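For reference, the structure discussed in these notes is given below.
Everything numeric here is computed off the predicted structure, so don't read it as measured data.
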Amino acid sequence: MCGITGWVSFHSDARTQTPVIEAMTATLAPRGPDAGGVWLSERVAIGHRRLAVIDLEGGVQPMTDRPDEPAIVISYSGEVYNHHQLRAELRRRGHVFRTRSDTEVVLRAYAEWGEAVAEHLEGMFAFAVWDEREQRLLLVRDRLGVKPLYWAAVDGGLAFASEPKALFAHPEIRPRVDADGLREAYSLLFNTGPTVWSGVREVEPGGLLVLDRDGIRERRYWQLEAAPHTDDRDTTVERVRELVGAAAHSQLEADVPLCSLLSGGLDSTVLTALLACELRSRQGPEARIRSYAVDYSDQAVEFTGDILRSGHDTPYAVEAGAFIGTDHSTVVLDPRSLLDPAHRTAVVVARDSPIGVGDMDTSLYLLFGEIRQHSTVAVSGEAADEVFGGYPWFHSPRALAAGTFPWLLVTGDEAAMPLNPELDLCIAEFRDDSYRTALAAVPHLDGETPAEHRQRELQHLSLTRWLRQLLHRKDRLSMAQGLEVRVPYCDHRLVEYAFTTPWALKSHDGREKSLLRAAGAGLAPDSVLHRPKNHYPATHHPDYNRGLQQLARDALAAEQVRALTDETRLKPCLDTPPDRLEWGHRLRLERVVDLALWLDHHRPELAL
């Protein structure tokens with residue numbers, strides 16, 4: 001995993017701008033702590049920071065097609081899991097390889113197929129290819145948007161980067177936020193394309209961008225489609241197990257230590273079991289995969305259920321690790337580490353955004369830091385809820401009938417930080433317009449029942465929007481610690497198959513994630529297989545709530561924070577006794593604290 005950046009300009013000579021590309025590249029050092037490099041020609045400057053995972057010595061970047069007078073240059077981030085098959089095919093077509101890296105496979109694949117290279121790749125990736133012969137830049141992002149890729153216009157072209165902070169090291173791009181950016185951030189709609197930063201956009205998941213002297217052209221090379229599903233229940237369950245198993249198999253390759261994130265939930269347990277089986281088949285029956293979970297020092301005593309959590313994870317994670325046979329560790333955090341301003345600042349810097357989930361972000365960042373002491377790659381169960389229908393809104397009559405994004409019933413006004421009404425951002429109207437646009441993009445089959453029609457809408461919204469912010473969170477917080485996290489449930493073949501499966505099969509046992517539960521039979525303890533959905537854990541200690549309230553009061557002492565927030569609506573959150581602070585009110589305080597840290601570090605120009 002790595003960080004990429006650079007720019008193309010047809011109006012200037014990039015060869016005179018070495019300090020600029022070096023500064024842009026340096027901002028991405030946490031994403032690539034092992035090595036860095038730059039490459040320049042007249043029209044382009046390209047930078048790369050590397051986290052070495054495959055072919056530790058041969059995969060140096062930026063990579064060129066030949067040492068002398070290169071015609072093609074690539075800066076690449078991610079993992080292409082079918083690189084062995086592609087290498088064999090490209091060799092049959094006459095290509096000669098100098099390294100074992102998947103980066104070179106993507107480079108040679110571009111030489112063979114041009115921009116159609118994207119459709120040949122399986123995995124998570126974001127990369128830039130400069131074609132010196134054609135004077136053309138190609139930017140490509142993976143199908144689900146696991147790896148980030150941003151761009152912004154510069155004189156005569158554009159700049160690109162894995163994170164916005166690299167763009168802001170370019171002299172023509174300023175960290176500017178306008179009303180549109182605040183709407184994008186605080187509406188909680190997770191649109192693809194626009195960002196909180198004025199003029200900074202994302203390459204869409206499953207999308208590519210081409211820049212040449214004729215201008216910029218964007219297109220999607222992949223998107224979800226509706227198709228008839230003809231498999232019966234037993235065949236569907238077997239196919240799901242095959243697809244999840246194949247994804248786990250392909251994502252176990254690494255030349256560095258690899259581990260699994262094991263929360264004790266259905267998703268991570270099934271995945272860890274498949275990874276462990278595959279590892280034993282390769283290395284022998286004594287092989288054991290490392291697994292990690294997070295907990296809090298107060299959890300066993302202070303845990304109280306809330307709208308997102310019904311039980312304590314740790315006992316289930318320990319039981320699952322023993323059942324599978326992993327080397328399991330629990331990273332235990334205390335309220336002081338979650339309140340530490342240095343940790344919270346590091347999280348906001350990593351995100352480049354004021355929007356997060358407070359202590360859950362900080363704890364994930366600290367968990368990844370502990371894991372990085374032993375492993376360079378971790379495998380996560382992210383996306384199983386979106387793929388198999390695990391969230392409450394798939395099963396709630398209220399959510400099914402709601403005329404808005406279903407997660408707003410959980411994370412709407414009660415949880416979002418109240419913005420100053422004098423800003424007049426018209427967020428309600430923005431949400432309504434975005435919802436209509438989102439529904440218009442959902443593919444349907446003729447003859448669908450109203451119930452099936454609605455379930456397809458909810459799954460499409462979850463996969464194309466809600467999942468986006470979870471992948472963003474996992475990428476930023478892991479890469480800030482120099483840790484690569486892989487997400488097998490985002491395998492596009494699995495996602496496509498599940499999306500076409502009728503809801504009656506997805507919920508055939510009357511519960512959430514019926515298909516995954518059936519496919520995981522025998523891979524997990526019964527207690528885990530039949531456990532209700534539990535979200536990522538949060539601390540329940542009153543000392544944390546007390547400290548958070550004080551951090552929020554300190555944040556509101558800043559004039560710029562007060563100008564953006566509605567202090568009247570924040571007052572109940574500040575005045576409630578710490579041991580009675582509800583989750584939604586706490587999240588408001590988290591976002592006030594994060595806003596203050598974001599303003600202090602990024603110092604954005606506010607054009608409101």
Side-chain angles (χ1 to χ4, degrees), residues 1-5 24-33 49-51 53 77-79 124-126 141-142 144-151 160-169 175 177 181 184-185 188 190-192 194-197 200-205 261 294 338 342-372 376-380 382-383 465-487 490 536 590-591 593-595 597-598 601-602 604:
M1 203 57 59
C2 308
I4 71 172
T5 191
M24 294 172 72
T25 304
T27 67
L28 301 175
R31 297 187 73 92
R49 290 296 313 189
R50 187 181 186 213
L51 177 65
V53 173
S77 170
E79 303 291 347
M124 57 178 191
F125 47 81
R141 192 174 180 197
D142 65 70
L144 273 295
V146 179
K147 303 316 297 177
L149 185 52
Y150 297 86
W151 66 277
F160 62 89
S162 296
E163 299 180 6
K165 59 175 62 69
L167 296 176
F168 300 143
V177 177
E184 289 292 342
L188 306 180
F190 316 115
N191 290 310
T192 55
T195 70
V196 64
W197 302 105
V200 176
R201 296 184 61 82
E202 286 185 274
V203 176
E204 293 201 19
L261 304 180
V294 67
L338 299 174
H343 296 156
R344 298 189 72 103
T345 299
V347 168
V348 172
V349 171
R351 285 198 319 246
D352 283 330
S353 168
I355 288 295
V357 283
D359 66 304
M360 291 184 282
D361 281 354
T362 308
S363 70
L364 191 63
Y365 171 80
L366 294 173
L367 169 65
F368 288 151
E370 289 295 319
I371 292 173
R372 186 61 175 89
T376 307
V377 176
V379 184
S380 168
E382 209 77 74
R465 288 175 176 263
W466 179 255
L467 180 60
R468 174 177 179 259
Q469 51 93 20
L470 296 179
L471 294 175
H472 169 92
R473 172 177 180 250
K474 191 139 286 182
D475 171 84
R476 292 304 189 83
L477 300 181
S478 62
M479 294 307 296
Q481 297 283 21
L483 178 74
E484 174 182 302
V485 174
R486 299 177 180 178
V487 281
C490 284
Y536 184 87
E590 301 276 15
R591 290 195 168 139
V593 174
D594 284 356
L595 173 65
L597 293 170
W598 177 70
H601 181 271
H602 288 84

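In this structure, Thr195 and Pro164 have side chains that are not in contact, with every pair of non-hydrogen atoms separated by 4.5 Å or more. Between Tyr365 and Gln481 there is a side-chain heavy-atom pair separated by less than 4.5 Å. With a 4.5 Å cut-off on side-chain heavy atoms, His602 and Val177 do not count as touching. Inter-residue side-chain proximity for His601 and Val348 is flagged as unmet; no heavy-atom pair is nearer than 4.5 Å. Within the 4.5 Å cutoff, no side-chain heavy atoms of Phe368 are placed close to those of Val294. When side chains are defined from C-beta on, Val379 does not count as touching Val485, because their heavy atoms never get closer than 4.5 Å. Proximity of Glu484 to Glu79: side-chain heavy atoms (C-beta onward) are separated by under 4.5 Å at one or more points.
Ring geometry, Phe190 versus Trp466: the interplanar angle exceeds 60°, so the pair is classed perpendicular (tilted spans 30 to 60°).
Screening Arg476, Arg49, Arg31, Lys147 for a side chain to side chain contact (heavy atoms under 4.5 Å, CB included) involving Ser162 leaves a single residue, Arg31.
In this structure Ser380 satisfies the side-chain hydrogen bond (donor to acceptor under 3.5 Å, both in side chains) test together with Lys474, sequence neighbours excluded. Applying the side-chain contact (heavy atoms from CB on, under 4.5 Å) criterion to Thr192, with sequence neighbours excluded, gives Glu204, Pro205, Arg468.
The CD1 atom of Ile355 sits 8.5 Å away from atom CG of Leu595, with the distance rounded to the nearest 0.5 Å. Residue Asp359 holds its CG atom at 11.0 Å from CG of Leu364, rounded to the nearest 0.5 Å. Distance check, rounded to the nearest 0.5 Å: SG of Cys490 to CG of Leu467 gives 5.0 Å. The line from CG of Leu261 to CD of Glu382 is 9.0 Å long, rounded to the nearest 0.5 Å.
For the pair Asp142 (side chain) and Phe125 (backbone), a donor-acceptor distance under 3.5 Å is present. A donor-acceptor contact shorter than 3.5 Å is absent between the side chain of Lys165 and the backbone of Asp352. Checked by atom type and distance alone, the side chain of Arg372 never pairs as donor or acceptor with a backbone atom of Thr376 at under 3.5 Å. Remark: the backbone N or O of Met24 is paired with a side-chain donor or acceptor of Thr27 at under 3.5 angstrom. Of the possible donor and acceptor atoms, one in the side chain of Arg591 sits under 3.5 Å from a partner among the backbone N and O of Gly356. No donor-acceptor pair under 3.5 Å is formed between the side chain of Arg50 and the backbone N or O of Gly32. Side-chain N or O atoms of Ser77 include one that pairs as donor or acceptor with a backbone N or O of Cys2 at under 3.5 Å.
Counting all heavy atoms, side chain and backbone alike, Pro354 lies closest to Asp594 at O-CB, 3.5 Å. Smallest separation of non-hydrogen atoms from Leu28 and Thr5: CD1-CB, 4.0 Å. For the residue pair Leu338 and Thr362, the shortest heavy atom distance occurs at O-CG2, 3.9 Å. Minimum heavy-atom separation, Leu149 to Arg141: N-NE, 4.1 Å.
For the pair Arg473 and Tyr536, the distance from NZ or CZ to the six-membered ring centre is under 6.0 Å and the angle to the ring normal is within 45 degrees.
A salt bridge between Asp361 and Arg344 is absent, with no side-chain N of the basic residue lying under 4.0 Å from a carboxylate O of the acidic one.
Taking the six-membered ring for Trp and the full ring otherwise, the centers of Trp151 and Trp197 sit at least 6.0 Å from each other.
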